[in-house]
Amino acid sequence: MKITGLIIGVFFLMILASCTDFTAVEKPSELEKEEYKQEENNSDDHSKVHESKLQKNKGYDEREPKEEAVSLSEPQYKINASNWTVEPMNHANSKVVLLTIDDAPDKNALEMARILKKLSAPAVFFVNGHFIDTPEEAEVLKAIHELGFAIGNHTYSHYNLKTLSEAQQYNEIVSLNDRVEEIIGERPKFFRAPFGSISDYSRKVAKDENMILMNWTYGYDWEKEYQSKEALADIMINSPFLVNGANLLMHDRQWTKEALEDIVKGLRNKGFTPVDPAQISQEIE
C-alpha cells in the first residue's frame, strides 16, 4: 500500500512538472504580443532617429574640415627699385616684360585694353584724376578694370611732384586713390610719378598708401620720330634696353594704340611674356 502511494505520488509530481514546462514555452497572450510589437516599433524608431543623427553628424563632419583654398596668384615677382625691372621670385620665368599704359583713360585706353584682352596680355593702366572726373569717364575706367587690368596711380593732375608743396603732393596722390576706389571699389596698388619725378615726400605717401613705386626701363611714344605705328612697334621690340623683366612705358595715344598688337606679338616672338601685375609682390621695402 505504501509502495502504491509512493508510485502515485511520483506520478503526480511528474504531471505537475510537465505542466510547468508547458507553461514556460506557452505562446504569449494577445496583450503581450501588442506590448512586444510596440517595444519593437519604439526600438526601430529610436534606431532610425539615431541613424539620422549619425548621418547628419557625418555630413557636418564632412563639411567641417574644409581646407582653406590655396591662392593660385601668390607673388612670383618683385619690382627692383634700383632699375625698375621685374625680378622673378621662387624660380618664376625670368623672360618677362611688364606692360604699362600711362595718362589713362584718355581717348584710346579702353580700346587698348580690349586689344590687350584679345591678346591675353596683362598690363597696368596708370590713371590721372582729370580723366575720370565725369560719370562717363568713370564708366570707362570701370570698364578697363572689369576687363581684368590693374589700375595704377599717376597723380590727379600730372604735375611734377618736386615742384609742389607737401600738402599739394599729398592731395595729388591720395585724392586720386579716393576717386579710383569710389569708381572700382579698390585703391591702386602701383604708383608712378609724372615724368618719373619722385620726391622723398611723395615716396613716403605712396608707401603709406601701400602702393608699389615704379618708373620704367624704356619708352618712346612721346618722341616725334616714333609717333607712327611702324616706327613705334619697331623700337619697342628692338630697343637696346630690352632685357629680362623690362618695364615698358607706353601712353594713351592713337599711334600707340595702333602699334600695340604688333608690339605684343613682336615681344612674344622674341620669347618674352607679359607678366601679370597680380603676381607682383606688394611687400614694400
Side-chain angles (χ1 to χ4, degrees), residues 77-87 97-109 112-113 122-133 137 141 144-145 149-184 186-223 226 236 239 241 243 245-253 256 275 277-278 280-285:
Y77 299 90
K78 63 181 180 179
I79 299 296
N80 183 332
S82 66
N83 60 12
W84 312 115
T85 59
V86 180
E87 287 190 345
V97 291
L98 178 62
L99 304 178
T100 67
I101 313 295
D102 281 17
D103 301 350
D106 195 1
K107 298 178 178 65
N108 305 281
M112 293 171 82
V124 182
F125 281 77
F126 282 98
V127 304
N128 295 122
H130 57 255
F131 289 131
I132 52 174
D133 279 333
E137 291 170 336
L141 179 63
I144 293 171
H145 179 255
F149 293 98
I151 304 301
N153 183 318
H154 197 40
T155 75
Y156 208 96
S157 309
H158 205 275
Y159 292 133
N160 185 330
L161 293 171
K162 288 184 177 179
T163 67
L164 304 179
S165 69
E166 289 188 352
Q168 289 172 320
Q169 290 179 63
Y170 181 89
N171 187 60
E172 280 290 311
I173 297 168
V174 177
S175 64
L176 176 56
N177 276 1
D178 293 341
R179 177 61 175 154
V180 169
E181 184 177 27
E182 181 184 337
I183 295 169
I184 67 171
E186 60 184 62
R187 299 174 84 76
K189 297 180 176 65
F190 302 100
F191 175 70
R192 175 178 281 162
F195 316 107
S197 181
I198 307 166
S199 69
D200 289 340
Y201 182 73
S202 61
R203 191 184 298 271
K204 177 184 179 302
V205 174
K207 183 176 181 178
D208 291 344
E209 285 286 303
N210 298 311
M211 291 189 292
I212 298 298
L213 181 68
M214 69 173 75
N215 276 346
W216 57 89
T217 306
Y218 67 85
Y220 296 92
D221 62 356
W222 62 92
E223 297 182 22
Y226 298 115
M236 290 298 290
S239 170
F241 303 109
V243 294
N247 192 328
L248 307 188
L249 171 61
M250 294 174 279
H251 292 81
D252 181 333
R253 302 287 186 270
T256 309
V275 70
I280 298 176
S281 172
Q282 292 298 306
E283 286 188 21
I284 299 172
E285 299 177 358

Novice: When you compare the side chain of Leu248 with that of Tyr218, does any pair of heavy atoms fall below 4.5 Å?
Specialist: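 With C-beta onward as the side chain, the pair touches.
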Novice: Atom CG in Leu213, atom NZ in Lys207: separation rounded to 0.5 Å?
Specialist: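 It is 11.5 Å, given to the nearest 0.5 Å.
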Novice: Quick one: sort the Phe126 and Phe190 rings into parallel, tilted or perpendicular, breaks at 30° and 60°.
Specialist: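 Ring orientation, 0 to 90° scale: perpendicular.
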Novice: Going through the checks in order, is the side-chain contact (heavy atoms from CB on, under 4.5 Å) test met by Ile184 and Ile144?
Specialist: CA-CA 10 Å; Ile184 67 171; Ile144 293 171; over 6 Å; no
Novice: Ignoring hydrogens and geometry, is there a side-chain-to-backbone donor-acceptor pair from Gln168 to Ser165 under 3.5 Å?
Specialist: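 Flag set: sc Gln168 to bb Ser165 pair under 3.5 Å.
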Novice: Give a yes or no on whether Phe241 atom CZ has more than 12 heavy-atom contacts from other residues, nucleotides or ligands under 6.0 Å away.
Specialist: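 Open: at most 12 neighbouring heavy atoms sit under 6.0 Å from CZ of Phe241.
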Novice: For a 4.5 angstrom cut-off between non-hydrogen side-chain atoms, does Phe191 reach Glu209?
Specialist: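 When only atoms from C-beta onward are counted, Glu209 and Phe191 do not touch, as no gap falls below 4.5 Å.
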Novice: Heavy-atom count check: over 12 atoms from other residues, nucleotides or ligands less than 6.0 Å from Tyr170 OH?
Specialist: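 Atom OH in Tyr170 is not packed in, count stays at 12 or less.
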Novice: Find the distance between CD1 (Ile101) and CG (Asp106) and round it off to the nearest 0.5 Å.
Specialist: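 If I round to the nearest 0.5 Å, the distance is 13.0 Å.
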Novice: Should Arg187 and Asp178 count as side-chain neighbours, where that means a heavy-atom distance under 4.5 Å?
Specialist: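 Of all side-chain heavy-atom pairs linking Asp178 with Arg187, at least one is under 4.5 Å.
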Novice: Side chains of Leu249 and Trp222: does their closest heavy-atom pair fall under 4.5 Å?
Specialist: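 SC-SC contact between Leu249 and Trp222 confirmed.
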Novice: Where is the tightest heavy-atom contact between Met236 and Met250, given as atom of each residue plus distance?
Specialist: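 Closest approach of Met236 to Met250: CE-CG, 3.8 Å.
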Novice: Got a second to check how far Asn160's CG is from Ser197's OG, nearest 0.5 Å?
Specialist: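 Between atom CG of Asn160 and atom OG of Ser197 there are 3.5 Å.
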Novice: Report yes if some heavy atom in the side chain of Lys189 is under 4.5 Å from a heavy atom in the side chain of Ile280; otherwise report no.
Specialist: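 They are not in side-chain contact.
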Novice: Could you tell me whether the side chain of Leu98 reaches within less than 4.5 Å of the side chain of Thr217, counting heavy atoms only?
Specialist: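 No, every pair of side-chain atoms sits at 4.5 Å or beyond.
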Novice: Rounded to the nearest 0.5 Å, what separates atom CD in Gln169 from atom CD1 in Ile173?
Specialist: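 The CD1 atom of Ile173 is 6.5 Å from CD of Gln169, to the nearest 0.5 Å.
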Novice: Measure the acute angle between the ring planes of His158 and His154, then classify it against the limits of 30° and 60° as parallel, tilted or perpendicular.
Specialist: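 Ring orientation of His158 relative to His154: perpendicular.
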Novice: Which pair of non-hydrogen atoms, one from Val124 and one from Pro277, has the smallest distance, and what is that distance?
Specialist: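 Looks like CG2-CG, 3.5 Å.
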Novice: Evaluate side-chain contact (heavy atoms from CB on, under 4.5 Å) for Thr256 paired with Asn108, printing each intermediate quantity in order.
Specialist: CA-CA 9 Å; Thr256 309; Asn108 305 281; over 6 Å; no
Novice: Would you check, one step at a time, whether the test side-chain contact (heavy atoms from CB on, under 4.5 Å) holds for Thr155 with Asn128?
Specialist: CA-CA 5 Å; Thr155 75; Asn128 295 122; 4.1 Å; yes
Novice: Is there a side-chain contact between Pro105 and Val127, using heavy atoms and a 4.5 Å cut-off?
Specialist: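 When only atoms from C-beta onward are counted, Val127 and Pro105 do touch, with a gap below 4.5 Å.
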Novice: Any idea which heavy atoms bring Phe195 and Trp216 closest together, and the distance?
Specialist: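 Where Phe195 meets Trp216 most closely, the heavy atoms are C-CH2, 3.8 Å.
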Novice: Within the structure provided, determine whether Asn247 and Arg192 are in side-chain contact (heavy-atom separation under 4.5 Å).
Specialist: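 Contact flag for Asn247/Arg192 side chains = yes.
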Novice: Has the side chain of Asp252 got a donor or acceptor atom that lies under 3.5 Å from a matching backbone atom of Ala109?
Specialist: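 Judged by distance alone, yes, a pair lies under 3.5 Å.
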Novice: Taking all atoms of both residues into account, what is the closest heavy-atom pair of Trp84 and Ile79, and its distance?
Specialist: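 Residues Trp84 and Ile79, closest heavy atoms: CE3-CG2, 4.0 Å.
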Novice: Is a side-chain N or O of Ser175 found less than 3.5 angstrom from the main chain of Asn171, in a donor-acceptor match?
Specialist: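 Side chain of Ser175 to backbone of Asn171, a donor-acceptor pair under 3.5 Å: yes, one is there.
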Novice: Do Asp221 side-chain atoms and His251 backbone N/O form a donor-acceptor pair below 3.5 Å?
Specialist: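 Yes; at least one donor-acceptor contact below 3.5 Å.
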Novice: Could you walk me through whether Asp208 and Lys204 pass salt bridge (Lys or Arg N to Asp or Glu O under 4.0 Å), step by step?
Specialist: CA-CA 6 Å; Asp208 291 344; Lys204 177 184 179 302; 2.8 Å; yes
Novice: Provide the closest heavy-atom pair for Ala104 versus Phe131 in the form atom of the first, atom of the second, distance.
Specialist: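 Ala104 and Phe131 have their closest heavy atoms at O-CD1, 3.7 Å.
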Novice: Start with the C-alpha distance between Asn153 and Val180, add both sets of side-chain angles, then the distance that settles side-chain contact (heavy atoms from CB on, under 4.5 Å), and finish with yes or no.
Specialist: CA-CA 9 Å; Asn153 183 318; Val180 169; over 6 Å; no
Novice: Say you draw a straight line from CG of Asn83 to CE of Met214; how long is it, rounded to the nearest 0.5 Å?
Specialist: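 So the gap between those two atoms works out to 12.5 Å.
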Novice: Does the Glu172 side chain pair with the main chain of Tyr156, one donor and one acceptor, at a distance under 3.5 Å?
Specialist: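 At least one qualifying donor-acceptor pair exists.
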